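Below: one structure, written as structure tokens.
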Amino acid sequence: MRTAPTILHLDMDAFYAAVEQAAKPSLRGKPVVVGGLGPRGVVATASYEARRFGVHSAMPTAQARRLAPNAAYLVPRFTVYRAVSEQVMGLLGRLSPLVEPLSLDEAFVDLEAGGVADDEASARAVGERLREQIRELTGLSGSVGLAGSKMLAKIASEEAKPDGLCLIEPGTERELLAPMPVRTLPGVGPATGDHLRRAGMTTVAHLAEAGEDELVRLLGKAHGASLHRMAQGLDDRPVVAERDAKSVSVEDTFDVDLHDRVRVRSEVERLADRCVERLRGAGRSGRTVVLKVRRFDFSTLTRSETLRGPTDDPGVVREAAARLLEGVDTTGGVRLLGVGVTGLADYTQEDLFAQAAEAEAAAAAAAAGELGAGEAEEVAPEPVEEAVEVTEAEPAGERRWLAGHDVRHVEFGAGWVQGSGLGRVTVRFEEPGSVGVGRVRTFRVDDPGLERGEPLPLVGG
């Protein structure tokens, strides 16, 4: 534990929803929900206005709609969120070489390692200046926690929400933690919380008073000992600059269970391509391809295949995922598919699988050449890869207009999709810097003057 509050935790406020409100003036001050919009969609983020109705992250979107029927429901724009996150992380990088991102919208920073703070006054000044810089650069707010440990800094940022700063003075940790519920501590989820409640422990003070031996008896050696230390405000974990990803994966949940085997394979191939796109974007390769299949009865199967060497070749990953799929029974229907790559590396080896495939193709061609006329083998057509998203269903052949996404019209300029269906798309024409509420117009989905647009800067656009 440090004697000065030089560990900072930044948590952006309702990040995805706040980005959408910053980009869309008509949504400012209104309830906004970002997430999957299909029947099986889940809320990713809810604005503070939506939270007043009881909407929260991880809630089924259908339930959120019942609680807040008049909220704006938008499909995530992860490209935009990543771009804004990079701006914020860039500010953190100026403070210290030790920045530990936890997600797109939160990170720990070791201010002492950066030489920018060594006591309470300097740490507070850095935190306040950071909040100002984030607002100037992105137009968004972030909450800052400052303490002598990571655990307490994160608790402090939670106490600071929204749009505030909270500093926990070293030496006051136990007094501060004592009345807090046990689930305030990291690693105490619903199951552990219920277990502790049944043992009569509902506050952090109860854990500290119970002693290490009792917690070890209840929760096991590792978890019990760790929890006892945290209950006393003790946390020596360092800020780690490189949180090396162990895997890269993508998955989709389908509005309607898939029964067509060709469609299932097509979706697996599409997911494999998306997975490799992320893999290459991170400058990585991987040795093990993983397939995840959740069937109609909610049973989940995971299959994996380890390659001879790391690869970032989409063809290799597609083929491996397809082979894994062959061993899975999908006759009852599939509700979720996922493709991932593990065993990550920063390089690729020569693709031995591609060479083998070429040799096999050459041999097959030679064999086919020896067949007489009328003896040629029938070759099944390759499944057509469907360019579909699973958040909403639309008739084949129509351009997709996802709620919240950017568009541009040749006459009316930049705007965003409010909704679409029945062959029509409704667009609100406004930009981040627009004054007042933008005008709304409805077009045919195939209107030649309407096209997908590029996201505009939230500030100074």
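Just so you know, these numbers come straight off a predicted model, no measurement behind them.
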Q) For residues Glu430 and Trp416, is any side-chain donor paired with an opposing acceptor at under 3.5 Å? A) yes
Q.
Keeping Ser420 on the side-chain end and Trp401 on the backbone end, is there a donor-acceptor pair under 3.5 Å?
A. yes
Q. Between Thr61 and Gly36, is there a donor-acceptor pair closer than 3.5 Å when you use the side chain of the first and the backbone of the second?
A. yes
Q.
For a quick test of reading the model, state the closest non-hydrogen atom pair linking Ser57 to Ala44 and the distance between them.
A. CB-O, 3.4 Å
**Q.** Polar side chain donor-acceptor pair, Asp105 to Ser103, under 3.5 angstrom
**A.** yes
Q: Could you pull out the closest heavy-atom pair between Val126 and Ala117, with the gap in Å?
A: CG2-CB, 4.4 Å
Q | Side-chain (His206) to main-chain (Thr203) donor-acceptor, under 3.5 angstrom | A | yes
Q. Shortest non-hydrogen contact from Arg280 to Asp313?
A. NH2-CA, 4.1 Å
**Q.** Between NZ on residue Lys154 and CZ on residue Phe108, distance to nearest 0.5 Å
**A.** 6.0 Å
Q: Check each of Val109, Val99, Leu165 against Leu8 using the side chain to side chain contact (heavy atoms under 4.5 Å, CB included) test, and report the only one that passes.
A: Val109
Q: Would you check if there is a donor-acceptor pair between the side chains of Asp13 and Ser141 at a distance under 3.5 Å?
A: yes
(Q) Please check: side-chain N/O of Tyr73 versus main-chain N/O of Arg65, any donor-acceptor pairing under 3.5 Å? (A) yes
Q: Kindly check if the number of other-residue, nucleotide or ligand heavy atoms within 6.0 Å of CZ (Arg94) is above 12?
A: no
Q: Measure from NZ or CZ of Arg439 to the centre of the six-membered ring of Phe412, then state whether that distance is under 6.0 Å and the direction lies within 45° of the axis.
A: no
Q: Give a yes-or-no answer on whether the side chains of Arg2 and Thr6 include a donor-acceptor pair shorter than 3.5 Å.
A: yes
Q) Would you say the side-chain atoms of Thr306 and Arg287 include a donor-acceptor pair closer than 3.5 Å? A) no
Q. Can you tell me if Arg294 uses its side chain to pair, donor with acceptor, with the backbone of Leu337 under 3.5 Å?
A. no
**Q.** Verdict with supporting geometry, His223 and Thr192, side-chain contact (heavy atoms from CB on, under 4.5 Å)
**A.** CA-CA 10 Å; His223 195 22; Thr192 301; 3.9 Å; yes
(Q) Using 30° and 60° as the class boundaries, would you call the ring planes of His409 and Phe429 parallel, tilted or perpendicular? (A) perpendicular
Q) Any donor and acceptor pair, going by atom type alone, linking the side chain of Arg237 with main-chain N or O of Lys150 inside 3.5 Å? A) no
Q. Taking Arg428 for the side chain and Gly415 for the main chain, is one N or O donor matched with an acceptor at less than 3.5 Å?
A. no
Q. Looking at side-chain heavy atoms only, is the closest gap between Leu177 and Arg174 below 4.5 Å?
A. no
Q: List the steps, then state whether salt bridge (Lys or Arg N to Asp or Glu O under 4.0 Å) holds for Arg229 with Asp236.
A: CA-CA 10 Å; Arg229 282 182 55 79; Asp236 297 324; 2.9 Å; yes
Q) In a check of salt bridge (Lys or Arg N to Asp or Glu O under 4.0 Å) between Asp406 and each of Arg452, Arg77, Lys24, which one passes? A) Arg77
Q. What residues, two or more places apart in sequence or in another chain, satisfy ring-ring contact (aromatic ring centres under 6.0 Å, His included) together with Tyr81?
A. Tyr16, Phe78
Q: Give a yes-or-no answer on whether the side chains of Ser304 and Thr288 include a donor-acceptor pair shorter than 3.5 Å.
A: no
Q: For side-chain contact (heavy atoms from CB on, under 4.5 Å), just list the numbers for Leu146 and Ile168, CA-CA rounded to whole Å, side-chain angles, deciding distance to a tenth of an Å, and then say yes or no.
A: CA-CA 6 Å; Leu146 292 158; Ile168 298 177; over 6 Å; no
Q: Just do the side-chain contact (heavy atoms from CB on, under 4.5 Å) check on Val440 and Gln418 with the steps written out, would you?
A: CA-CA 9 Å; Val440 175; Gln418 282 205 172; 3.9 Å; yes
Q | Polar contact flag, side-chain donor to acceptor under 3.5 angstrom, Gln21-Arg28 | A | no
Q) Can Leu140 and Arg135 be said to form a side-chain contact (heavy atoms from CB on, under 4.5 Å), step by step? A) CA-CA 5 Å; Leu140 306 177; Arg135 190 176 293 279; over 6 Å; no
Q.
Between Arg278 and Ser249 (side chain of the first, backbone of the second, donor and acceptor by atom type, cut-off under 3.5 Å), is there such a pair?
A. yes
Q) How far does CD of Gln87 sit from OG1 of Thr138, to the nearest 0.5 angstrom? A) 7.0 Å
Q.
When you compare the side chain of Glu136 with that of Val459, does any pair of heavy atoms fall below 4.5 Å?
A. no
Q. Between atom CD of Glu100 and atom CD of Glu106, what is the distance when rounded to the nearest 0.5 Å?
A. 10.0 Å
Q. Under 3.5 Å, is there a donor-acceptor pair between the side chain of Arg131 and the main chain of Asp163?
A. yes
Q) Is a side-chain N or O of Ser85 found less than 3.5 angstrom from the main chain of Leu104, in a donor-acceptor match? A) yes
Q | Closest non-hydrogen atom pair between Ala322 and Val268, with its separation | A | N-CG1, 4.5 Å
Q: Please identify each residue that fulfils side chain to side chain contact (heavy atoms under 4.5 Å, CB included) with Glu277, with sequence neighbours left out.
A: none
